[in-house]
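Chain letters run A, B, ... following the sequence lines, proteins first, then strands; residues in each count from 1.
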Amino acid sequence: MEYNFSEIEPKWQRFWREQKTYHVENNSEKPHYYVLDMFPYPSGAGLHVGHPLGYIASDIYARYKRLCGFNVLHPMGYDAYGLPAEQYAIQTGQHPAVTTEQNIKRYREQLDKIGFCFDWDREVRTCEPTYYKWTQWTFIQLFNHYYDEELQKARPISELVKKFENGDERAPEWNTMSDKEQQDLLMNYRLAYLADIPVNWCAELGTVLANDEVVNGLSVRGGYPVERKLMRQWSLRITAYAQRLVDGLEQVDWTDSLKEIQRNWIGRSEGAAVWFPLDAPTTSVDSPTSLYMGQVAPEPTPSFEIFTTRPDTIFGVTFMVLCPEHELIDQITTPEQKAEVEAYVTWAKNRSERERQAEVKKVSGVFTGAYAINPLTEEKIPIWVSDYVLAGYGTGAIMAVPAHDSRDFAFARHFNLPIRQVVALEKDAVSDPATWEESMDAKTGYSVNSGFVTGMKVKDAMKAVIDRIEELGIGHRTVNFRLRDAIFSRQRYWGEPFPIYYKNNIPYPIPEECLPLLLPDISEYKPTETGEPPLGHAEVWAWDEANRKVVSKSLIDNKNVFPLELNTMPGFAGSSGYYLRYMDPHNDKAYFSPEAVNYWQNVDLYVGGAEHASGHLIYARFWNKFLFDIGLSVKEEPFQKLVNQGMIQGRTSFVYRSKEDKNLYISKNLVKDADSVSPIRVDINIVDNDILDTERFRQWRPEFADARFELEDGKYVCGWEVEKMSKTYFNVQNPDDLVAKYGADTLRMYEMFLGPVEQAKPWDTNGIEGVFRFFKKFWRLYHNENNQFCVDDSEPSKAELKILHQTIKKVTEDIERFSFNTSVSTFMICANELASMKCNKRAVLEPLAILIAPFAPHIAEELWHLLRSDNQSVCDAKWPEFDEKNLVEDSFTYPVSFNGKMRFTLDLPANCTQDEAIAAVKAAPEAQKWMGDKEPKKIIFVPKRIINIVC
RNA sequence: GCGGAUGUGGCGUAAUUGGUAGCCGCGUUAGACUUAGGAUCUAAUUCCUCCCGGAGUGGGGGUUCGAGUCCCCCCAUCCGCACCA
């Protein structure tokens, strides 16, 4: 029989399904290993060849681990809530659940054809009530917990209430507060909280977006403008975990670049918070010094706090800047400046995020007329307002040191403010800042003109200044983060409903026993006429507190019936904890059982795209840390090792149409002048190895029906370019087509052969033939000339064993370091050598079938069953052991170099000593030729490698 | 601007981690078997060359007996962040 993949592959896929080969139990004597893929959003377009790349890599690893004796959890599911299904629903009225179901069906068919070892019994879908019940449950836990700064972990909010009741400086009047006041106060502590916050509002999408969903002022989905707007929204207090999110990166095995992206996103910076008193005529302070000695309790002096990472430059402050939103502006602006300041503030606040970002280089601002006092120099410093200071970072106020901060420098130059040098590269290298072209921002050199720190190194000066500031009680060391809390409300339909109802305008969670709070059906998926989110259309959408159930909205006037939250949760809600649910997906009593999580612990290997670095991968880490704090999750970090598969780009094919003769298409290498032709994208499915199928091209579209071609060697050669894989570029490669033409094993192997998994690369089908040829050759190793299965039970030769063990060694090492492209090469070398030796020994071919099983499970399974009479799957075989002694040689050919150049080779015993080697070199006739009568000055001998002789 | 990465034949890539650069595959060329082949097999294929050799891993310098690999300076491309004080 010839290698007939179209018969083999469905046969074994059925076998695996019927035998439940990939079913995984939560208890086993074997060591556990958890291999996870980022689950897909099932879009309407189906899979293209880029999607399975990571799945194939993780599948190979999962299969390998299993063969090595691990109990491997390798699940798959769907991130099923999302905007496209909802937008499709708005256009067609089709329920998103219906389209989502259809898309999932198609995804599953496509995935099944590739032969993955997923345990489909553990499938999760984020839109299933049995799943989102636990998303809602976690939200309630977040709502019911706060972050205890002392313990550095989440604790029940009831503990905080108890503290407040017993007297706490954070809520001195707690016991006299009304319920509403108490609840409002607690909102400042809850990990899931409701607050009026500036949000990214996207009018076009009719929803707010998280920071990572906005790029350059445009929405990631759709590219619509986004504006800042104050809205009452649910947020997650992820900032409470900022430090732990930074620290945790030390413990995980991720690439440096990915860790760096996360560190940047979290944006930790150390510095000082310093209070600058106002030079306000209203304050009755005799001498500013009396303020700072610490003993005299001064009159309450209006002052404001700034944050700086360069406390050492405090002697170079020549002005202060407040952000336009700063609350102090109204109080301090002098009457003369009032009109100007108000105009500026209004202008700044109304600027869209996009405008602001586009004009970053433009300097704008206005003087308030007020002054602050530099607490160390007692100088009077003007206070300005400018939008280059951001409200959301630090305190929204800065001390400006134009000599050593490029933004302050630009501002000072623009408004002609003084610039004073306080840092120099050398102690005496002081120059006139008026001559500078740019500020000196580097944190190197020495302090100059800086009072008591003059002459110190910058680093020491920083410490000295902070120490003094803390001594004086006018500030303290502090850490600031760029990370913002995650906005958790979406004005959408197709997402998890919040398990929240409002009584007297105070939010309450519905009782946990009543979860899930089911997403109601609605008639229209658009916002309501009054501007409420789509859930405003839901008729039966009110909470009956007494009967603990959802009832009709019309009952809201009744005593115990209250409105339910109309927002839904964002996409990252469902994807933040799914890896935990896979451990115990059918549990209806708990998110997952303690037994399950104690067995699996956390994800050992996570494979997915780097585009989730500042979204999903941060949220999931936060989510897991919270579950860890409340005792559910057992590891603080959810994903121990992370591999980012590179994006597969498209490789677009072009034909070149003559500009003179619109029906003439010129083959690529015959195009003399690029301006004389127009390149036209052509469907890659009618191009093979860059050769255009001219007949199918004529049929492709009516306008090409009369096409004529200028051919080279009778062929039309297309040009190509790397672009995004997209329908509009005709460069989408559907995996189904390749499976049909070459089989799943060839597709799997070829995707790996393309290059390192981590590397972005264009999809290029040229070359898949080579892998297909390999499989035909591989098949023939197990068959005779008449295509009959034929293996030999005799002892293998030394040479044959050497090839086998070389292959075992290399493939094992390659898989361990995720280098699958090189293992494919190793298989090819192995097959070539065995074929040329005509080796058909069982002792070689049986282990070989196991070795290739992770890569090409179908052909491996077929050969395995031909080799053995028991009905055992190759998936349950044992990974062959590598035995060094098969590789040991009696003699070894040593390359011999003179003065660094290789001159000749010498056969020596493989384990010869250095002295023996040197003696052999001296005796060799070739050596005489190179050495002449010179004595070697130096002989370098590396075991089994090189002998280098320097004369 | 800041941060991270990458740069090797016509193409995708490899190199035991400092040890004969170009493995494996595509493509190309020649040959074999064929009525035929877009099947299969064999051989060649970094470049230059007067066939003696010489040059060569983005460019320049350095360390070393020896550098694709380590160090310094440029150049190019890709990615992330971007007024974050």
Side-chain angles (χ1 to χ4, degrees), chain A residues 2 215-216 255-265 267-269 271 306-310 313 321 323 356-357 359-363 386-390 392-401 404-408 410-411 438 441 480-484 610-611 613-614 646-647 651 688-691 720 750 753-756 758-762 764-771 773-774 776-777 780 809-810 813 819 821-830 832 835-836 893-903 905 936-940 942 944-951:
Chain A
E2 281 281 354
V215 172
N216 292 332
T255 60
D256 290 340
S257 72
L258 200 86
K259 287 185 186 180
E260 210 47 44
I261 293 173
Q262 290 218 339
R263 282 197 198 101
N264 274 335
W265 188 261
R268 181 183 196 277
S269 44
I306 59 98
F307 172 73
T308 179
T309 54
R310 294 294 302 275
T313 61
V321 189
C323 67
R356 210 183 57 77
Q357 290 195 3
E359 296 170 8
V360 159
K361 292 257 151 59
K362 257 194 190 164
V363 178
S386 172
D387 67 351
Y388 85 89
V389 174
L390 304 176
Y393 185 79
T395 56
I398 62 155
M399 61 176 215
V401 186
H404 305 290
D405 182 284
S406 53
R407 298 150 302 181
D408 298 344
F411 195 81
E438 55 181 17
D441 295 10
N480 248 296
F481 294 95
R482 204 186 72 101
L483 186 73
R484 311 286 161 82
E611 66 272 19
S614 50
M647 202 156 24
R651 186 180 187 274
D688 187 21
N689 276 352
D690 291 338
I691 308 298
W720 58 272
Y750 183 61
F753 185 61
L754 223 45
E758 297 90 337
Q759 194 175 300
K761 54 212 166 241
D764 183 356
T765 309
N766 300 343
I768 196 169
E769 295 278 350
V771 174
R773 255 173 235 148
F774 159 77
K776 286 191 277 195
K777 185 180 281 181
R780 280 198 299 273
K809 184 170 190 241
K810 192 79 192 348
E813 284 170 0
S819 172
N821 54 330
T822 52
S823 12
V824 178
S825 297
T826 306
F827 280 121
M828 290 179 173
I829 295 166
C830 175
N832 285 343
S836 67
T893 304
Y894 285 77
V896 182
S897 313
F898 277 87
N899 296 327
K901 274 228 163 349
M902 217 221 66
R903 303 300 180 183
T905 61
K937 255 192 278 179
K938 199 170 167 190
I939 297 184
I940 290 132
V942 184
K944 294 192 85 176
R945 290 287 171 254
I946 293 281
I947 300 165
N948 199 348
I949 291 123
V950 190
C951 290

A:Arg773 side-chain N/O to B:U40 phosphate OP1/OP2 under 4.0 Å: yes
Full working for side chain to side chain contact (heavy atoms under 4.5 Å, CB included) between A:Tyr388 and A:Asp408: CA-CA 9 Å; A:Tyr388 85 89; A:Asp408 298 344; 2.6 Å; yes
Name the nucleic acid region contacted by A:Pro762, choosing base, sugar-phosphate or nothing; use a 4.0 angstrom heavy-atom cut-off, strictly under. nothing
Determine the minimum heavy-atom distance between A:Arg310 and A:Met399, stating which atoms define it. O-CE, 3.6 Å
What string of B, S and - do you get for nucleotides 71-83 of chain B, 5' to 3', when a contact is any protein heavy atom under 4.0 Å? ---------SSSB
Watson-Crick and G-U pairing of RNA chain B written in dot-bracket, each distance under 3.5 angstrom, with | for inter-strand partners: (((((((..(((......[....)))((((((.......))))))(((....)))..(((((..]....))))))))))))....
Taking A:Lys810 first and then A:Glu813, would you say they form a salt bridge - that is, a charged N and a carboxylate O separated by under 4.0 Å? no
Spacing of OG belonging to A:Ser269 relative to CZ belonging to A:Phe481, to within rounding of 0.5 Å: 8.5 Å
Might you work through the side chain to side chain contact (heavy atoms under 4.5 Å, CB included) test for A:Arg651 and A:Asn766, ending with a clear yes or no? CA-CA 11 Å; A:Arg651 186 180 187 274; A:Asn766 300 343; 4.1 Å; yes
As an exercise, state the distance from OG1 of A:Thr309 to CD1 of A:Ile398, rounded to the nearest 0.5 Å. 10.5 Å
Pick base, sugar-phosphate or nothing for A:Gln759, based on heavy-atom distances below 4.0 Å to the nucleic acid. sugar-phosphate
Contact class for A:Arg780 (heavy atom, under 4.0 Å): base, sugar-phosphate, or nothing? sugar-phosphate
Respond yes when some side-chain nitrogen or oxygen of A:Asn832 is under 4.0 Å from OP1 or OP2 of B:G25, and no when none is. yes
